[in-house]
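Step one of this worksheet: look at the structure below.
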Amino acid sequence: MLSITLPDGSVREVAPGTTPADIAADIGPGLAKAALAAKVDGEVRDIMRPLESDAELALITSRDEADALELARHDYAHILAEAVQSVFPGTQITFGPSTEDGFYYDFAPKDRPFTDEDLPLIEEEMRKIIAADKPLRREVWERDDLIARWEKDGESFKAEWAAELPEGEELSVYWSGDDWMDMCRGPHLASTGKLDPKAFKLLRVSGAYWRGDQRNPQLSRIYGTGWLNKKQLNAHLHMLEEAGKRDHRKLGQEMDLFHFQPEAQGSCFWHPKGYVIWQALEQYMRRQIEAAEYDEVKTPQLMDARQWEQSGHWGKYRENMFVVPDEIPSSEEDAPVISGTADMMALKPMNCPAHVLIFRQGIKSYRDLPLRLAEMGCCHRNEPHGALHGLLRVRQMTQDDGHIFCREDQLVDEVRRFCDLLDSVYKDLGFPDYKIKLALRPEKRFGSDAMWDWAEQSLRDAVKAAGRDTEDYGWEELPGEGAFYAPKLEFHLTDAIGRTWQVGTIQTDTVLPERLDASYVGEDGERHRPVMLHRAILGTFERFIGILIESHAGKLPLWLAPVQAVVATIVSDADDYALTVAGKLRDAGIRVETDLRNEKINYKVREHSLTKVPNLLVVGKREAEEGTIALRRLGSDEHQKVMTLDEAVAMLSEEATPPDMR
RNA sequence: GCUGCUGUAGCUCAGUGGUAGAGCGCACCCUUGGUAAGGGUGAGGUCGAGAGUUCAAUUCUCUCUAGCAGCACCA
């Protein structure tokens with residue numbers, strides 16, 4: 001007999017082979033019906049999978065939402081695969097997990113990739129499978145049998161997968177009824193009918209490489225979102241719709257902040273209002289950097305290819321660089337664009353080599369260290385077309401870049417200081433929550449393994465010293481994701497629809513000082529290599545402003561708002577007074593506009609609300625006579641507040657003070 | 001770069017094998033109205049580019065290009 005301990009502490013003695021479903025039935029018919037799966041010693045398992053040893057058992061119902069959703073999504077993925085093979089015979093199945101809000105499955109289509117138009121057909125087939133309430137049955141197979149089976153069925157991807165699963169791992173398959181099976185670790189619900197046929201939706205198709213590697217064949221992926229009931233699904237779809245309204249590209253157009261056009265793809269045209277945000281942010285960053293004892297510099301946009309060869313960028317980063325011939329092109333029609341003997345130059349993709357060149361001017365002493373150079377550096381990177389994404393992924397970017405040259409023994413302290421500075425900036429800018437990752441050595445890299453061991457460990461130590469290697473910060477290590485010259489700490493923020501983007505970073509580099517021969521004279525009178533820390537807090541102004549816009553849904557904090565106040569008239573008799581009001585605000589440093597148009601106040605309120613103007617100062621005859629204004633706040637429930645002009649000026653200039661100057 | 005979708009007026013989008021429409025915006029006129037759209041008139045388009053099929057292409061086909069979603073790559 002087995003001793004099964006239930007969550008209430010009671011113990012049941014059952015025969016081996018008893019399933020959690022049997023126990024649920026024994027407890028009561030209500031539970032038997034509600035139970036979706038079981039947690040056996042903390043591991044989620046099929047409810048029909050027999051118990052084999054003493055265990056703690058908890059039954060999972062739809063009230064255990066996280067577990068139930070995970071199970072449901074995993075099932076949806078399998079049902080998707082079954083449906084696709086039924087609608088499109090000859091399609092190979094490969095792999096399909098649950099995701100944060102749904103599921104996907106990758107297929108190798110028989111003759112053409114799937115299109116959006118295929119989705120309704122597949123959805124309909126999925127509903128049939130759910131309606132059929134097919135039992136999902138687990139079976140353990142021998143590896144050779146399984147491979148043979150997949151090969152017989154023409155499932156070459158599955159066969160490859162089965163052959164490569166680690167030795168000693170139990171190879172389980174799941175049957176859907178008696179006519180379809182997939183290799184899967186499980187767990188699954190007891191039958192397809194446990195799912196709500198109205199709680200899922202197929203969203204889109206896309207390409208995806210087999211095993212995530214570009215060198216492999218491309219598969220056709222179908223994404224869906226899946227929930228426990230229709231209400232949850234609708235709530236999710238509504239959320240997606242709302243998130244779409246916060247898209248910085250949409251708001252950028254609506255608020256007249258910036259635009260992109262094909263003649264300069266990936267490079268932003270900042271309009272006056274957008275550039276105000278940039279300026280406010282840049283001035284703020286400059287104050288922070290100055291306080292943190294950086295020296296700001298400015299370095300060349302174009303440098304000779306030989307310089308990039310020496311830094312290593314030519315070898316490891318050239319595919320991302322804009323290369324420019326140093327030659328006066330011929331104006332003759334048939335002349336070649338480049339003569340072939342032209343010297344090459346490249347637009348800088350990074351500021352680091354130029355900073356080393358500044359460091360190298362004159363002889364540096366250990367007394368000069370740490371030397372912190374900062375630059376609002378404009379870089380160009382030839383990013384793949386498909387990667388471009390509004391302000392979040394561009395080809396011309398301005399980094400709040402900086403390089404710290406220090407001794408090895410100063411390194412951990414410098415990284416920690418940086419983490420603190422970054423933390424205070426992110427809090428000022430309204431991002432108390434951010435994630436930290438450590439990107440480890442990539443395949444394509446310079447430097448010895450010993451160097452990488454040391455550099456990676458230095459960052460680990462520093463994060464630990466700063467107390468940020470915790471779950472709150474989403475701390476994790478990412479193998480293979482580092483830069484070619486150094487491992488990097490990455491600081492991530494999230495956009496409107498939940499995609500995360502790297503913004504800040506700090507990297508420990510000994511390669512570049514070596515390659516560019518940077519040195520300082522130590523206390524011992526000998527020459528030593530400095531360690532170089534590459535670091536950015538915002539990352540780039542473009543990406544950071546994009547995220548700033550999305551996180552505030554366009555309603556930026558007052559100190560960053562492009563237009564901080566609009567003075568709107570009710571009647572034209574108040575025009576002169578409105579100009580006086582605006583003049584006073586302008587004198588107090590408020591970014592103000594007037595709206596004297598021949599329109600009703602309703603119209604003006606609506607328009608300025610839609611363009612996210614934070615303060616609307618309404619003036620009519622009454623205000624003009626009394627020297628007051630009626631203040632309407634964006635997004636405020638309260639109607640309006642009448643106050644004297646002097647009060648309004650004092651209040652708004654106080655509120656418009658940047659967070660670090662309060 | 002790869003897969004799929006999309007490209008019609010400044011914006012959002014209808015539409016058609018016989019060279020085009022709406023709403024908003026814009027200009028002008030009327031209106032001076034107290035907190036999310038007052039009324040009228042008017043201007044505005046090589047239907048992304050090129051090639052093909054056709055008597056005829058914005059519409060069908062192909063190529064290119066740009067945008068969107070995802071993949072891969074990256075701040």
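In the text below, chain A, chain B and the rest are named by the order of the sequence lines, each starting its count at 1.
- Listed nucleotides: B:U3, B:G38, B:G67. Nearest to the side chain of A:Gln265: B:G67.
- Side-chain polar atoms of A:Asp495 and A:Trp501 form a donor-acceptor pair below 3.5 angstrom.
- In this model, the phosphate group of B:G70 is approached by a side-chain N or O of A:Arg499 to a distance below 4.0 Å at OP1 or OP2.
- When rounded to the nearest whole Å, the span between CD of A:Glu599 and P of B:A27 equals 10 Å.
- Counting only heavy atoms from C-beta on, A:Arg597 has its side chain closest to B:C26 among B:A66, B:G33, B:C26.
- Note: OH (A:Tyr485) to C1' (B:A75) measures 10 Å, nearest angstrom.
- Here the separation of B:A56 from B:C24, taken at their C1' atoms, is 35 Å to the nearest Å.
- With C1' as the reference atom, B:A37 and B:A72 are 46 Å apart, rounded to whole Å.
- With a 6.0 Å cutoff to the six-membered ring centre and a 45° limit on the axis angle, A:Lys435 does not count as a cation-pi contact of A:Tyr473.
- Counting atom types as modelled, A:Ser572 pairs a side-chain N or O with a base atom of B:U32 as donor and acceptor under 3.5 Å.
- Close to B:A69, at under 4.0 Å from its OP1 or OP2, lies a side-chain N or O of A:Arg249.
- Under a cutoff of 6.0 Å and an axis angle of 45°, A:Arg73 and A:Phe103 do not form a cation-pi pair.
- Between B:G15 and B:A9, the two C1' atoms lie 15 Å apart (nearest whole Å).
- On the C1' atoms, B:A51 is 13 Å away from B:A57, given to the nearest whole Å.
- Taking atom C1' on both B:G21 and B:U65, the two are 27 Å apart, rounded to the nearest angstrom.
- Protein atom CZ of A:Phe260 is 23 Å distant from nucleotide atom P of B:G48, rounded to whole Å.
- Taking a cutoff of 4.0 Å between a charged side-chain nitrogen and a carboxylate oxygen, A:Glu599 and A:Arg597 do not qualify as a salt bridge.
- Separating the C1' atom of B:C74 from that of B:G70 is a span of 16 Å, rounded to the nearest Å.
- Nucleotides B:G4 and B:A43 have their C1' atoms positioned 40 Å apart, rounded to a whole Å.
- The shortest distance between the side-chain N/O atoms of A:His389 and the OP1/OP2 oxygens of B:A69 is below 4.0 Å.
- With hydrogens and angles ignored, a donor-acceptor pair under 3.5 angstrom links the side chain of A:Arg393 to the base of B:C74.
- In this structure, of B:A72, B:G70, B:A37, it is B:G70 that holds the atom nearest to the side chain of A:Tyr223.
- Considering only heavy atoms from C-beta on, A:Phe541 comes within 4.5 Å of A:Thr398 through its side chain.
- A close approach under 4.0 Å does occur between a side-chain nitrogen or oxygen of A:Asn602 and OP1 or OP2 of B:A36.
- Side chain of A:Ala208, nearest nucleotide from B:C71, B:A72, B:A36: B:C71.
- Set against B:C71, B:A75, B:C11, the side chain of A:Arg221 has B:C71 as its closest nucleotide.
- When the nearest nucleotides of RNA chain B are assigned to A:Val618 and A:Asp247 by heavy-atom distance, the more 5′-ward of the two goes with A:Val618.
- Protein atom CE of A:Met285 is 18 Å distant from nucleotide atom P of B:A75, rounded to whole Å.
- Using atom C1' as the reference point in both B:A14 and B:G7, the two lie 15 Å apart (nearest Å).
- Annotation: A:Tyr105 is not in aromatic contact with A:Tyr223 [ring centroid separation under 6.0 Å not met].
- Nearest nucleotide to the A:Glu623 side chain, out of B:U32, B:G34, B:A75: B:G34.
- To the nearest angstrom, C1' of B:G70 lies 16 Å from CG of A:Leu392.
- Taking only distance into account, the side chain of A:Arg381 never meets the base of B:C73 through a donor-acceptor pair shorter than 3.5 Å.
- Under 4.0 angstrom from either OP1 or OP2 of B:U12 there lies at least one side-chain N or O belonging to A:Gln253.
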